[in-house]
2 protein chains.
Amino acid sequence: MAKRKTISIKDVARESGASLTTVSLVLNDRDHRISPATRERVLKAVDRLGYRPNRLAQGLQSQKSGLIAILVPQLRHAFADAYFGELISAIHDHASEVGYKILLEVARPEFIKSNQHQELFDRHFVDGILCCGVTNKDVYLKEFAGAGRAVVVVNNYLPSFKLNHVCCDYKAAGRMAGEYLLDLGHRRMGLIHGAQEVQTSLDLQHGFEEALRDAGVKLPASLVEDGLYTEEGGEAAAKRMMKRNPGVTAILAGNDKMAIGAITGLKDAGFRVPEDVSVVGCDDMHQAGYCDPPLTTVHTPIYELGKRACERLMDLIKGRVDIVEEIHPVNMTIRKSASPPKPA
Amino acid sequence: MAKRKTISIKDVARESGASLTTVSLVLNDRDHRISPATRERVLKAVDRLGYRPNRLAQGLQSQKSGLIAILVPQLRHAFADAYFGELISAIHDHASEVGYKILLEVARPEFIKSNQHQELFDRHFVDGILCCGVTNKDVYLKEFAGAGRAVVVVNNYLPSFKLNHVCCDYKAAGRMAGEYLLDLGHRRMGLIHGAQEVQTSLDLQHGFEEALRDAGVKLPASLVEDGLYTEEGGEAAAKRMMKRNPGVTAILAGNDKMAIGAITGLKDAGFRVPEDVSVVGCDDMHQAGYCDPPLTTVHTPIYELGKRACERLMDLIKGRVDIVEEIHPVNMTIRKSASPPKPA
DNA sequence: CTGAAAGCGCTAACAC
DNA sequence: GTGTTAGCGCTTTCAG
């Protein structure tokens, strides 16, 4: 590979007949005492030479990397997922707007065990970290709590210790879905949640239970299934639930993937959706409009949330704020997977 | 934010009573003349202090960033896509195995226009680039051709100039799907391709045409539609096609998303899949097993491909090879969306 | 076996 | 207005 010699500020200085300092000052627009003539000469040389500042050198000097990391959990194939994709998209869009680049990291057990999440800071890899897909089991996050590091948890939060976060209101989401189904006339409803160790999943459940309770309807343990946040999990959960409770007329799933899986499972077990069983999802991913029937779901503004999280992270990095705690409202997207229960 | 002072090799030297050089030598295992005793002392100090080498300084010295960039095209939300997600996943997994981190970049027009793809190298942001979702229109890639830069095009290639690439055999894919449908007894088939400016899309079409031609079957222009690689596009394309050619009994789509969209469109237009119209996709994404009916599709080993592309990029970076040209075989995954045509 | 010193490319006090 | 110089943290000759 033909090594192209890297041209430095020194070359520009020589070429323009100015000194290193002058060149640096011009380049950074730092000092307005520079004469227009010199300025011009330097800029010309920069152009002629095609000079580009070396960011490793800049970073060494400024103690800033210009990078932020997105930490995602280890899933089947971590990035082949619409939810995380949407989040990453949003973060990338905003970060590049403000001149930051993004590093992708998967929080595998070895990654955490070998303390690489800390090393991202210690070794000056990144200036900040955005944590996605966090669970209550991620105790390593505690090391970030109040440690003066620019870290923001995206669309979740930890109940046991304070961490910067930007999150949707999942309790409201559960409540909203519950009220919607109650309004349709449902009385026997089930829940497929994502995971007991995810706070937002618990919040959704609590909101749902609250809405039902307010209407005098119970949600017994036998009507709560674990769907693992996956299509397969949702499918299996729906089948288990209908087997134990054939009288169920509506199901709320903790995300759209499980809702879609549940629809598959219901159909497979001979139920029509929504005629026999209504299904409501949560997320409103792109996919939700393209299943059969199109999914009625709670819309969580994921893209917007990712953007906000990134903005707040920048605030932390620049020292403009010290803590971040934001909760965003949600709303229902009505499509066709939920309808009134059929008359008994 | 409580600024934690960054501890350097100098601190380790002081703490261990050794010199900078010695510490560096120990750390890099570079020189085996170091006495075990000193070695021990240094390592202890490193531990005690929690010293972590600053990679900006290391990079400045070595002229290596330890990062590679993944360049993806600007889609609706670039990363909320199963295909790219799978690729990114694979690349991340392999890169972190060999100690590299990955940077995510979206090739928006402004990004290219302002030459940021070049700057990634010039400014020492990255040591190499993996280009995904490339089209024949991406002429800027020409600047990478033979320029001695570590760049690999992933799952595509450019017909007009030589670029390092690792790609699936899409011509074989088209041929395979064609032969499968012919074997089932289909004679009137349509194609929904992704985009005319994507070489692999053209290859798929050519392979498909070839298979049909060999069997004496034609693929007239009226049976070729553009599906834009999206669900919506596939849905619209299927509807257009059936309107113009009600006699079509099978459709090949250039990816699974369009195939799934096509199924939606066909159902919507009153056709049963596969009883009235068979649909075959291409990719074999996770999603493919979860639509109704489960999708028969050409399996392209995307994950494996991403891994290979990453390996080859490392070879280029280390100077172990000069050019990369790999084509990977594909095979059919039979599910339920294709069956023999119904008797006329 | 170990240390002093130069240098990677850049920024910023501090002179002049 | 502009240049000299020190230093960011590390690696690596080259002496000892």
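Sequence lines set the chain letters: A, B, ... in the order given, protein chains first and strands last, and positions in each chain run from 1.
B/Thr22 has no side-chain polar atom (N or O) that falls below the 4.0 Å cut-off from OP1 or OP2 of C/dC1.
Between the base of D/dT4 and the side chain of A/Thr21 there is a donor-acceptor pair shorter than 3.5 Å. A donor-acceptor contact under 3.5 Å is not formed by the side chain of B/Ser19 with the base of C/dA4.
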Could you walk me through whether B/Arg14 and B/Asp11 pass the salt bridge (charged side-chain N to carboxylate O under 4.0 Å, His left out) test, one step at a time?
CA-CA 5 Å; B/Arg14 189 172 351 89; B/Asp11 301 302; 3.0 Å; yes
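The C1' atoms of five pairs define one axis at each end of the helix from C/dC1-D/dG16 to C/dC16-D/dG1, and these two axes lie 50° apart (to 10°).
When the P atom of D/dT5 is taken as reference, atom NZ of A/Lys10 falls 14 Å away, rounded to whole Å. Distance, B/Ile9 CD1 to D/dC10 C1': 6 Å, rounded to whole Å. For the pair A/Gln63 CD and C/dC10 C1', the interatomic distance rounds to 13 Å; values are reported in whole Å.
Each of A/Thr38 and A/Leu20 has a nearest nucleotide on DNA chain D; the 5'-most of these lies closest to A/Thr38.
Checking side-chain atoms of A/Asp127 against main-chain N and O of A/Gly66 turns up a donor-acceptor pair under 3.5 Å.
Contacts between residues 52-61 of chain A and DNA chain D, counted as heavy-atom distances below 4.0 Å, involve A/Leu60, A/Gln61.
Residue contacts shown for B/Ser8 are limited to sugar-phosphate atoms, with no base heavy atom under 4.0 Å away.
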